[in-house]
There are 2 protein chains.
Amino acid sequence: MDRIAAFNECLRHKGLKNTSQRMIILETFLGSKSHYSTEDLYLKLRKDHPKIGYATIHRTLKLFAECGIAIELNFGDGQTRFEPLRANHHHDHLVCTSCGKVIEFTEPQIEDLQAQVAAAHGFVIKRHRHELYGLCSNCAANS
Amino acid sequence: MDRIAAFNECLRHKGLKNTSQRMIILETFLGSKSHYSTEDLYLKLRKDHPKIGYATIHRTLKLFAECGIAIELNFGDGQTRFEPLRANHHHDHLVCTSCGKVIEFTEPQIEDLQAQVAAAHGFVIKRHRHELYGLCSNCAANS
DNA sequence: TACCTTTCTGAAAGTCATTTTCATTTTCCT
DNA sequence: AGGAAAATGAAAATGACTTTCAGAAAGGTA
């Protein structure tokens, strides 16, 4: 099941309706590797779909997160960003605090250790956030 | 050097002044294990020091972070929290999404792996955020 | 100690991302 | 096709945080 089908499934499950706006937003959202804020996506969509309002885009991004189509990211700049989620492709982030570049990484050993830590405290983990902030190779070289 | 002395040192270094409000806020802040939001600390201080304003408390908490007395935490609930920082005592967090309980953990192997990941991408890490969200043992048992 | 420049403070106003409201439009079940 | 339920978009509201500003306090200097 691709992500568009998964979203439709989620809408049906929640008793919500499929609208042209939601499809347009979903396709644009999936068709990029970016980490969109509502503002980013609003500006991008405005070119071809000037009638779609900011509130609708924000509501829809939150809905994507609820449906498991996207995850919310917060890199501490005051804006929530949304990232398209690929099934079975969990990853964490390296964030350059100078140029804003974001690199994804996966480290199964860290995942294992996390699970051990949680188990040691009796926690049942639902999700986690792991972000490394610093300078990317370019910015480190030029500073 | 204790943290009060370190704070005074930082004030002097920045050319800032030591005021009674800053000392009151610092002592209250250090005298607790909590993860304070500005609001939390404002409400707590209001009992004994009703004249200290919200803005002063928030400015002071930010200043603590700049001076390395505190770190800013963001658990995704829209409020920034500040945690007193002990020298040489880095840790990460387990957060219960049901009751709000926060447990600190340390896992040196994870720290090592992080450093390896960063090095593999040429990143120079300045700080990181690692939070595990789920249900604490109590909440897991009662759900 | 008295002065005086700089920084602080508190209240109120301002920002800004996000959320809600509400009148109208659209979806989709029967 | 008809109609209940949900969605939309514009505007207003919210809430955390930040800034402004006039008076107060700190702390260096003479």
Side-chain angles (χ1 to χ4, degrees), chain A residues 4 7-29 35-67 70-82 100, chain B residues 4 7-26 28-29 35-67 70-82:
Chain A
I4 293 176
F7 180 58
N8 282 320
E9 173 72 22
C10 179
L11 288 179
R12 193 158 36 250
H13 180 69
K14 287 172 174 282
L16 304 178
K17 293 173 180 174
N18 190 347
T19 66
S20 62
Q21 289 92 333
R22 284 178 175 163
M23 281 301 112
I24 289 165
I25 294 168
L26 179 56
E27 284 167 16
T28 303
F29 178 67
H35 300 82
Y36 283 119
S37 64
T38 302
E39 181 76 12
D40 294 337
L41 195 50
Y42 175 67
L43 292 175
K44 175 156 187 169
L45 280 166
R46 194 161 60 172
K47 294 173 198 154
D48 293 329
H49 305 281
K51 303 260 284 299
I52 299 181
Y54 184 98
T56 298
I57 293 170
H58 191 262
R59 280 186 286 230
T60 303
L61 286 171
K62 299 281 277 186
L63 182 57
F64 291 167
E66 279 180 42
C67 289
I71 46 169
E72 295 188 30
L73 302 174
N74 190 313
F75 295 148
D77 64 349
Q79 274 192 304
T80 300
R81 287 163 201 289
F82 293 82
Chain B
I4 293 177
F7 180 58
N8 282 321
E9 174 70 22
C10 179
L11 288 179
R12 194 157 38 249
H13 179 70
K14 288 173 174 279
L16 303 178
K17 294 173 178 174
N18 190 345
T19 66
S20 62
Q21 289 91 335
R22 284 178 176 163
M23 282 301 113
I24 289 165
I25 295 168
L26 179 56
T28 303
F29 179 66
H35 300 83
Y36 283 120
S37 64
T38 302
E39 181 76 13
D40 293 338
L41 195 50
Y42 175 67
L43 293 175
K44 175 156 187 169
L45 280 166
R46 194 161 60 171
K47 294 173 198 154
D48 293 328
H49 304 280
K51 302 260 285 298
I52 299 181
Y54 183 99
T56 298
I57 293 170
H58 191 262
R59 279 185 288 231
T60 303
L61 286 171
K62 299 281 277 187
L63 182 58
F64 291 167
E66 279 179 42
C67 289
I71 46 168
E72 296 188 28
L73 302 174
N74 190 313
F75 295 148
D77 64 349
Q79 274 190 306
T80 300
R81 286 163 202 289
F82 294 83

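Residue numbers start from 1 in every chain, and the chains themselves are labelled A, B, ... in the order their sequence lines are given, proteins ahead of strands. No hydrogens, no waters, no symmetry mates; every other heavy atom, side chains included, goes into these values.
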I need a per-nucleotide contact map over nucleotides 18-30 of chain D, read 5' to 3'. Cutoff is protein heavy atoms under 4.0 Å; write B for the base, S for backbone only, - otherwise. SBB-----BS---
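Across residues 38-49 of chain B, not one residue has a non-hydrogen atom less than 4.0 Å from an atom of DNA chain C.
The side-chain contact (heavy atoms from CB on, under 4.5 Å) check on B/S37 picks up B/E39, B/D40, B/Q79, B/R81, with sequence neighbours excluded. With sequence neighbours left out, the side-chain contact (heavy atoms from CB on, under 4.5 Å) criterion links A/L16 to A/L11, A/K14, A/R22, A/L63. Listed by chain and number, the residues in a salt bridge (Lys or Arg N to Asp or Glu O under 4.0 Å) with B/K17 amount to none (sequence neighbours excluded).
Separating the CE atom of B/M23 from the P atom of C/dT9 is a distance of 10 Å, rounded to the nearest angstrom. Here D/dA6 presents its P atom at 14 Å from CG of A/L63, a figure rounded to the nearest Å. Atom CZ of B/F82 and atom P of D/dA16 are 14 Å apart (whole Å). Taking atom CD1 of B/I52 as the reference point, atom P of C/dA11 lies 11 Å away to the nearest angstrom. Atom NZ of A/K14 and atom P of D/dA7 are 11 Å apart (whole Å). When the P atom of C/dT19 is taken as reference, atom CD of A/E66 falls 11 Å away, rounded to whole Å. Rounded to an integer number of Å, the gap from A/D77 CG to D/dA16 C1' is 15 Å.
B/L45 CG to B/L41 CG: the interatomic distance, rounded to the nearest 0.5 Å, is 4.5 Å. Here the OG1-NZ distance, from A/T28 to A/K47, works out to 10.5 Å after rounding to the nearest 0.5 Å. With values rounded to the nearest 0.5 angstrom, A/D48 atom CG is found 9.0 Å from A/I24 atom CD1.
None of A/F7, A/F64, A/F82, A/Y42 except one satisfies the ring-ring contact (aromatic ring centres under 6.0 Å, His included) rule with A/F29; the exception is A/F64.
For the pair B/T80/B/L73, no side-chain contact is recorded, criterion being any heavy-atom separation below 4.5 Å from C-beta on. Under the 4.5 Å side-chain criterion, counting only non-hydrogen atoms from C-beta, A/K62 is not in contact with A/R59. Looking only at side-chain heavy atoms (C-beta outward), A/Q21 and A/T60 stay at 4.5 Å or farther from each other.
B/N74 and B/D77 get closest at one heavy-atom pair: OD1-N, 4.5 Å.
Here B/T80 reaches the OP1 or OP2 of D/dC17: one of its side-chain N or O atoms lies under 4.0 Å away. Using a 4.0 Å cut-off, no side-chain N or O of A/R22 falls inside it from OP1 or OP2 of C/dT27. Close to C/dG10, at under 4.0 Å from its OP1 or OP2, lies a side-chain N or O of B/Q21.
Comparing the end axes of the helix from C/dT1-D/dA30 to C/dT30-D/dA1, each fitted to five base pairs by superposing C1' atoms of four pairs onto the next four, gives an inter-axis angle of 30° (nearest 10 degrees).
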